[in-house]
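A, B, ... follow the sequence lines: proteins, then strands. Residue 1 opens every chain. Treat the numbers as computed from the prediction; the structure is a model and nothing was measured.
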2 protein chains.
Amino acid sequence: MFKPFIATYLCVAKMKTAEKHSIKISAEEKIKCSARELFTQKGFAATKTRDIAEKAGINLALLNYYFRSKQKLYELIMEENMIAFRTGIVRLFGDTAMEMEEKIEKIVEYYIDAFLANRDLPAFIISIIHTHQHTPVPDNKFYISIGNAQKVFLEQIKKHLQKKGINAIHPAHVITNLMSLIFFPFTSSTMLKSRAGLNENDFIILMQERKKLIPIWIMSMMETTINSKNIKK
Amino acid sequence: MFKPFIATYLCVAKMKTAEKHSIKISAEEKIKCSARELFTQKGFAATKTRDIAEKAGINLALLNYYFRSKQKLYELIMEENMIAFRTGIVRLFGDTAMEMEEKIEKIVEYYIDAFLANRDLPAFIISIIHTHQHTPVPDNKFYISIGNAQKVFLEQIKKHLQKKGINAIHPAHVITNLMSLIFFPFTSSTMLKSRAGLNENDFIILMQERKKLIPIWIMSMMETTINSKNIKK
DNA sequence: AAAAAAATTAATCAAATGATTAAATAATTC
DNA sequence: GAATTATTTAATCATTTGATTAATTTTTTT
């Protein structure tokens, strides 16, 4: 059984005041926590070292004392996030024993649980992949291709679609739709809330529902065939 | 009939050298064009006025001469983008005469055509809506709610779902999925290309296919019902 | 062509910002 | 408890970066 994603760090900034006093948190931890939040929300360039220091309630010099530079701090946080997330997902994608349908269910569950637990993560992942040419990180240090594991899953989809015959949709649509339905609601929750008139609680309920619904939708999409009726002018 | 979205500006930076010589382009236009590209790709903070000037091949002072400040330039570009995009979409959503199914087809077509013509637009729209608290713009100047038009469309969906009975999915899922399937492939084309092993040309072909496929998928999703089999543990 | 206006440039300013230093304080070791 | 090490601070440096100025060139108007 796959364990759900659990953030491997604790975030002081998000704690209630009462909690804060019960635990003694090192300055180092405070900095990392504040930095993680600011970097995710505003990006590397827009996040100022002074903002981080202020949010963490520490002296500016401590940031350099512990992490050498803003850049190094950023890289450290990125690495932690990616490692924490990647651990489970690679195993899932690459599992050759698991049937495609069950795998889809597990993938959806894993992602949504991870994103509900760490709401900054989806934006993080996308920004790393999308803008790894714009973000000042030593060559794709964090652009961890899911690589081989990904291929296993893709092959399973291809095989399934082949049964549908020559008019089945392209496997890329399946991957695209799966990732779209999982990621997008999180990266644009503000937009969706406003468009569909939801509050934060409604949103969480919907996301829970989606863990069951997305696999159903994906399976039914794979039934779609492309023919003259669909595609031609 | 609704005209497809056409970028209302011409972008010199993207022109072939031959084209550049045939038209004389004002410094003002060059700046706007370069700025648009950089702002979208890297964000406001990461884009330096010197980068814009260099890319446009003009003197740094001209930026302030024409646009007063980096901030003003940013706002101008944002406004142009939003106005150009919004024009058609509000009319579409709000059309009370058009049937829901046809409307979905038209909406998908409109968005995808717009995004294919201006690949920066989806990220722009999302960033405006998502981070309008982080981007330094005078209070939601660009956060144009589709407002009433949106409500018309939402009502049409609700009505359609009511026919399916009490177990039909929440209308928010329909809006969510529609927007997800349209937007996400564009905002994360890099990710999808790598995950599904596509090149740029494959990508465009897939997006064209999606204009026909997404409405089919959305309609079939609306057939899904939530029952104990789907939701309960 | 002279005068006026517009466009462009190089040089420079001022504030923001990442980073360092040297001194002070707290914690740990011996 | 003295010595040593680790942590924290205030002050400061150096670079980046948005913006301005004053002079120069180009274009337009008269």
Side-chain angles (χ1 to χ4, degrees), chain A residues 9-10 12-13 20-21 23-79 131 134-138 141, chain B residues 9-10 12-13 20-21 23-79 131 134-138 141:
Chain A
Y9 41 82
L10 72 169
V12 187
K20 281 185 189 175
H21 289 286
I23 315 167
K24 81 161 213 313
I25 299 123
S26 67
E28 197 175 342
E29 207 57 46
K30 284 188 215 161
I31 295 170
K32 250 161 78 174
C33 167
S34 304
R36 180 177 297 110
E37 217 173 316
L38 289 173
F39 280 141
T40 333
Q41 287 176 351
K42 322 210 301 179
F44 181 80
T47 301
K48 310 304 173 187
T49 52
R50 283 167 175 80
D51 296 343
I52 299 173
E54 191 187 6
K55 188 181 180 97
I58 54 95
N59 187 285
L60 173 60
L62 284 186
L63 192 150
N64 294 80
Y65 176 74
Y66 285 117
F67 303 98
R68 191 72 189 165
S69 75
K70 178 189 176 187
Q71 176 68 40
K72 286 271 191 340
L73 173 59
Y74 179 77
E75 290 175 23
L76 182 76
I77 288 169
M78 284 293 196
E79 204 163 14
T131 68
H134 302 300
T135 318
V137 189
K141 186 168 174 183
Chain B
Y9 42 82
L10 74 166
V12 187
K20 281 185 188 175
H21 288 286
I23 315 167
K24 82 160 214 315
I25 299 122
S26 66
E28 196 174 343
E29 207 57 47
K30 284 187 215 162
I31 296 169
K32 250 163 75 173
C33 168
S34 304
R36 181 175 359 257
E37 220 173 314
L38 289 173
F39 279 141
T40 333
Q41 287 176 352
K42 322 211 302 177
F44 180 81
T47 301
K48 310 304 175 187
T49 52
R50 282 168 176 79
D51 297 343
I52 299 173
E54 191 188 5
K55 189 181 178 100
I58 54 97
N59 187 287
L60 174 60
L62 283 186
L63 192 151
N64 295 80
Y65 176 75
Y66 285 116
F67 303 98
R68 191 71 190 165
S69 75
K70 178 190 175 186
Q71 175 68 41
K72 286 269 189 343
L73 173 59
Y74 180 77
E75 289 175 25
L76 182 76
I77 288 169
M78 283 294 196
E79 203 162 16
T131 67
H134 302 299
T135 317
V137 189
K141 186 169 176 184

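K48(B) has its NZ atom 14 Å from the C1' atom of dA15(C), to the nearest Å. Atom pair L62(B):CG and dA10(C):C1' shows a separation of 12 Å (rounding to whole Å applied). Rounded to an integer number of Å, the gap from CG of D51(A) to C1' of dA16(C) is 11 Å. The distance between atom CG of L73(B) and atom P of dT17(D), rounded to the nearest whole Å, is 17 Å. Atom CD1 of I52(B) is separated from atom C1' of dT16(D) by 15 Å (rounded to the nearest Å). Between the CZ atom of F44(A) and the P atom of dT17(C) there is a distance of 13 Å, given to the nearest Å. For the pair E75(A) CD and dG18(C) C1', the interatomic distance rounds to 15 Å; values are reported in whole Å.
Residue contacts shown for Y66(A) are limited to sugar-phosphate atoms, with no base heavy atom under 4.0 Å away.
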Heteroatom pairs (N/O) under 3.5 angstrom, protein to nucleotides 24-29 of chain D:
none

Every protein N/O within reach of nucleotides 19-26 of chain C N/O, cut-off under 3.5 Å:
from    : atom 1 : to     : atom 2 : distance (Å)
dA19(C) : OP2    : K70(A) : N      : 2.8

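For the residue pair I77(B) and K32(B), the shortest heavy atom distance occurs at CD1-O, 3.6 Å. Shortest non-hydrogen contact noted between K70(B) and F44(B) is NZ-O, 3.0 Å.
In this structure, T49(B) and L73(B) have side chains that are not in contact, with every pair of non-hydrogen atoms separated by 4.5 Å or more.
Between its two ends, the helix from dA1(C)-dT30(D) to dC30(C)-dG1(D) turns its axis by 10°, counting five pairs per end and rounding to 10 degrees.
For the atom pair E37(B) CD and T47(B) OG1, the distance stands at 10.5 Å (nearest 0.5 Å). The NZ atom of K72(A) sits 11.0 Å away from atom CG of L76(A), with the distance rounded to the nearest 0.5 Å. Taken from SG in C33(A) to NZ in K55(A), the straight-line distance is 7.5 Å, to the nearest 0.5 Å.
With sequence neighbours excluded, the residues that form a side chain to side chain contact (heavy atoms under 4.5 Å, CB included) with K48(B) are D51(B).
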For residues 56-68 of chain B, dump all side-chain donor-acceptor pairs below 3.5 Å to protein atoms at least two apart in sequence or in another chain.
from   : atom 1 : to     : atom 2 : distance (Å)
N59(B) : OD1    : A61(B) : N      : 2.8
N64(B) : ND2    : R68(B) : O      : 3.2

